[in-house]
Amino acid sequence: MKSWSPDEEIDANGFDDLNKPLLLTQEDDTPRRHGVLTPQINDIKSFDSKIKRSLKSIMVSPLGANSINANEIEETRIEVNEVTEKEISECRIKIKGMTCTSCSRSVEHALQMVDGVKKAIVGLALGEAKVVFDPKVIDTNKIIEAVEDAGFGAELVSSRNDMNKVHLKLEGIDSVEDLNVIVSSLNLASGVNRVEVDLTEHKVTVSYDSDITGPRFLIQCVHEASSGHSVYQATLHTNSGSREREKLNEIRMYRNQFLLSCLFSVPVFMFSMLLPMLPPYGDWLNYKIHNMFTLGLFLRWILSTPVQFIIGKRFYLGSYHSLRRWSANMDVLVALGTNAAYFYSVYVVVKTLTSATFQGQDFFETSSMLISFILLGKYLEIMAKGKTSAALEKLIQLVPDKAYLLDFDANGNVVGETEIDTELIQKNDMIKIVPGAKIPADGVVIKGKSCVNESMITGESRPVNKIPGDKVISGTINESGCLLIKATHVGSETTLSQIVQLVEAAQLARAPVQKLADDISRVFVPIVVVAAFITWLGWFIPGEAGLYPKNWIPKAMDAFEFALQFAISVLVVACPCALGLATPTAIMVASGVGASQGVLIKGGDAVEKAHKVKIVVFDKTGTLTIGKPVVVRAMLFSKFSMEELCDMTIAVEANSEHPIAKAVVAYTKRLRMSFGSSSKDQVEDVNDFEVHMGSGVSGKVKEKTVLLGNKRLMHAFNVPMSPMVETFVSENETFARTCVLVSIEGKIAGAFSVTDPVKPEAKSVVSFLHSMDISAIIVTGDNWATANAIANEVGIREVFAEIDPLGKVDIVKDLQMKGMVVAMVGDGINDSPALAAADVGMAIGAGTDIAIEAADVVLVKSNLEDVITAIDLSRKTISRIWLNYIWAFGYNILGMPIAAGVLYPFFGIRLPPWLAGACMAASSLSVVSSSLLLMLYKKPLKMDYGLSNV
């Protein structure tokens, strides 16, 4: 069935200048002009010069969301022929093997050192790098070599020339001559710029001009190259799902490494810590094989060695590449700590084999358990990162797989239709869109009338009327009526593809706070190594020179071994285990606590940024409001009874699929039941049902003409409106409510007031944010009247209305340029670019999967109070992280001098390696215990103010 959309009366005085959006302040109720938002597109929107110009034209447009989806798309597709930086190209590289921010920084540094590279941005979450380079100086192959030389895997994802590039899988190829024939045929085809051949996979990659040709014509060209017995066929070759497969393989690899390490390290831990404490069950471990070499020591040595050198091989490789670049990352810290424990334990093995009196403590369990724990952390980390990048795949999935291509004869008559893959659509193709189908490409309506749901692009919850000449957007849904559209932008040029690229680019941004541990370790590691060496010299040289008494040196030791024990103690007690645990343990606990309270925090980036938030940007529909229309008031204006009004309304509105119509039907059915109706499902028959685009619907019920719609419909049918009706409509328009008028036999019988109600907790949340010294603003695609009404109701002073998705990004970037840390709260697909561009994106749990995946924080219960929880929990977590660093460094600062032996000459107190290992474990335990205190966290809004969760 067709649907209708009531007209929204918008006061034209709401705009004093069509070049600048308005801002409504609470200090005075008069609109004031807000400065033009200058688009910041150098980082996240620099796809190419064409898209930069396109985005800018959208960003500065003050027109409403409906204007964007209807008339502005074509204007935003400006063809750019004069590019100022003609010699600059761009590519995206998939980076493999990055584990921390130090790795991403190393890759970025390696790329920036390459001659010809102008700019390089590496994103750890995406595992990709965006490189801007001079193609005359360097190509993508050399860029990949630079990454590989830095010790990481690299694979080309895309380049700027991929904007119009297609990969074809060839069939019927028997020899190299066949490939040459096909390549020659493609090169001669009109619009083809370049053809690349993969001999092993029988695949060709064709770069082309989309204004001249397209993938369907190129496939036809391959087929037409057939001759004689050689019949060639070509099909599209796509890499869809490759990113997901790579993520799954990476997760599986870390999981298998962790389980394999546990297979060895758990028995080592039992033989070292548990069984010796349970006599007589552990007495067999003390059996002496030779001299002081026991069976327990032998088993611990054998079991820990594979963990150290086979499973822990990745840490050695990471350390090698890091040290080769004259830097020190977490791999260096892990390798240093585990090697100190392992090789000292090997030293103990050698001594027990060669001495009948030596007694020493090994630390095989320290090295093996440390590696296992780190692998567990990496496994959990990679799983969390995989979920954030899934948003890109879901955005792409908005576009349908198939489309109906129409065939025409010479006279322009439709002679048939063919179902084709969406990737085969070319510019100027005529596509048929049936009711309920998704639109496969940006285009213009040629024939037909319908309503299209564009909420995922504009944020406007109401379907938009489409008539010939209107523009449509790929990924949107045709709700009613059949449309014939002409494709104007396909593939990577569509609005949806631009949103995908926005999310990708925004996710490349790196949080500066995340580099803290690596920056500290860069100085910490050399200092520890130097301190250990100086300690060894400080005891060895005086010992050889006889500068301290010989009785200081234990039996069965010489000065070298005595000094070596002090040096190893320094290395072990200064092991950066606690430093490495300080941040991840706090974030893991905070994530768990948040999840238990309805706040899903996606990793450390969100926690580290959220504590600095100074302004929260709220979307309106579905965020501050419930997200669906509800009838809040019904009014009678004539002799008709409420029961008769309900019956007439249900009969006509039951034929409409519009959200407002559904809300009215649901309300009138409940109202009719309250009057004692026997069945709420009984519906009168309606004849001559008709949809009046932009006005309402009409039909005949029991031979009575019934109209339902707005004032425009009443005027069109010359239905008089009494002063009482006019007053009712005006009052509701003041509160941005939609009035559905009901006319029976030429007289207005009643009306229904429909609105999207504000969430009950919204006002309290805004007030609490103000008490935390955090500002709040509304940015919505809805009209100004509705936005201002909602803002006044919840206590928000600053409003941006009629803003499209790219405009939301621009507002976020504008706030960031002013030095503010921005949190964005939204629920729709149209919010996903802004969620990704904001410092902290918060998605409503009841919103779309795309918004949820693009956000840093998900409010599972769709409760706005959890915005407060997320920010407050992040502040508590960051404070806990700094306390953890104090614990970690406190043990090191106090333990290193004692381990170096400063107390030994005065009090005879020495910190042997095994005791140093215990101190190291104690420091780690204190850090973990400190982090676990976050489990006592309580919601501040509910706890302090007694506000119940909704």
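Numbers here are sequence positions counted from 1.
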Output yes when D442 and K471 qualify as a salt bridge under the 4.0 Å nitrogen-oxygen rule, no when they do not. no
Does atom NZ (K402) have a neighbourhood of more than 12 heavy atoms from anything else shown, all under 6.0 Å? yes
Of all heavy-atom pairs linking V664 and V631, the shortest is CA-CG2, 3.8 Å
Rounded to the nearest 0.5 Å, what separation is found between the OG1 atom of T780 and the CG atom of D831? 8.5 Å
Supply the atom-to-atom distance F618 CZ to M824 CE, rounded to the nearest 0.5 angstrom. 10.0 Å
Any side-chain heavy atom of T476 within less than 4.5 Å of one from V464? no
If you measure from CG on D470 to CD1 on I446, what distance do you get to the nearest 0.5 Å? 11.0 Å
How long is the span from the CG atom in L741 to the CG atom in N710, to the nearest 0.5 Å? 7.5 Å
Can you list everything that forms a ring-ring contact (aromatic ring centres under 6.0 Å, His included) with F728? Sequence neighbours excluded, please. F637
Nearest heavy atoms of K432 and C482, plus distance in Å: CE-SG, 3.8 Å
What one should report as the nearest heavy-atom pair of S656 and F689 is N-CZ, 4.4 Å
Applying salt bridge (charged side-chain N to carboxylate O under 4.0 Å, His left out) to K438 and not counting sequence neighbours gives none
Donor-acceptor contact present, side-chain T422 to main-chain D401, <3.5 Å: yes
With sequence neighbours left out, write down each residue that passes side chain to side chain contact (heavy atoms under 4.5 Å, CB included) with K704, or none if nothing qualifies. F640, E644, M648, I744, E745
Would you call D619 and K808 a salt bridge, taking side-chain N to carboxylate O under 4.0 Å as the test? yes
Could you pull out all residues at least two apart from Y404 that satisfy ring-ring contact (aromatic ring centres under 6.0 Å, His included)? none
At what distance, to the nearest 0.5 angstrom, does OG1 of T623 lie from CD1 of I844? 5.0 Å
So, do L636 and L645 sit near enough that their side-chain heavy atoms are less than 4.5 Å apart? yes
Verify, without hydrogens or angle tests, whether N792 (side chain) and N788 (backbone) share a donor-acceptor contact under 3.5 angstrom. yes
How close do P720 and G746 get, heavy atom to heavy atom, and via which atoms? CD-O, 3.6 Å
Report the residues that fulfil salt bridge (charged side-chain N to carboxylate O under 4.0 Å, His left out) with K763, sequence neighbours left out, ordered by chain and then residue number. none
Taking side chain to side chain contact (heavy atoms under 4.5 Å, CB included) as the test, write out the residues that go with V632, two or more places apart. R737, S753, T755
Could you tell me if the side chain of K759 sits less than 4.5 Å from the side chain of V794, heavy atoms only? no
For D756 and T625, indicate whether the former's side chain and the latter's backbone hold a donor-acceptor pair under 3.5 Å. no
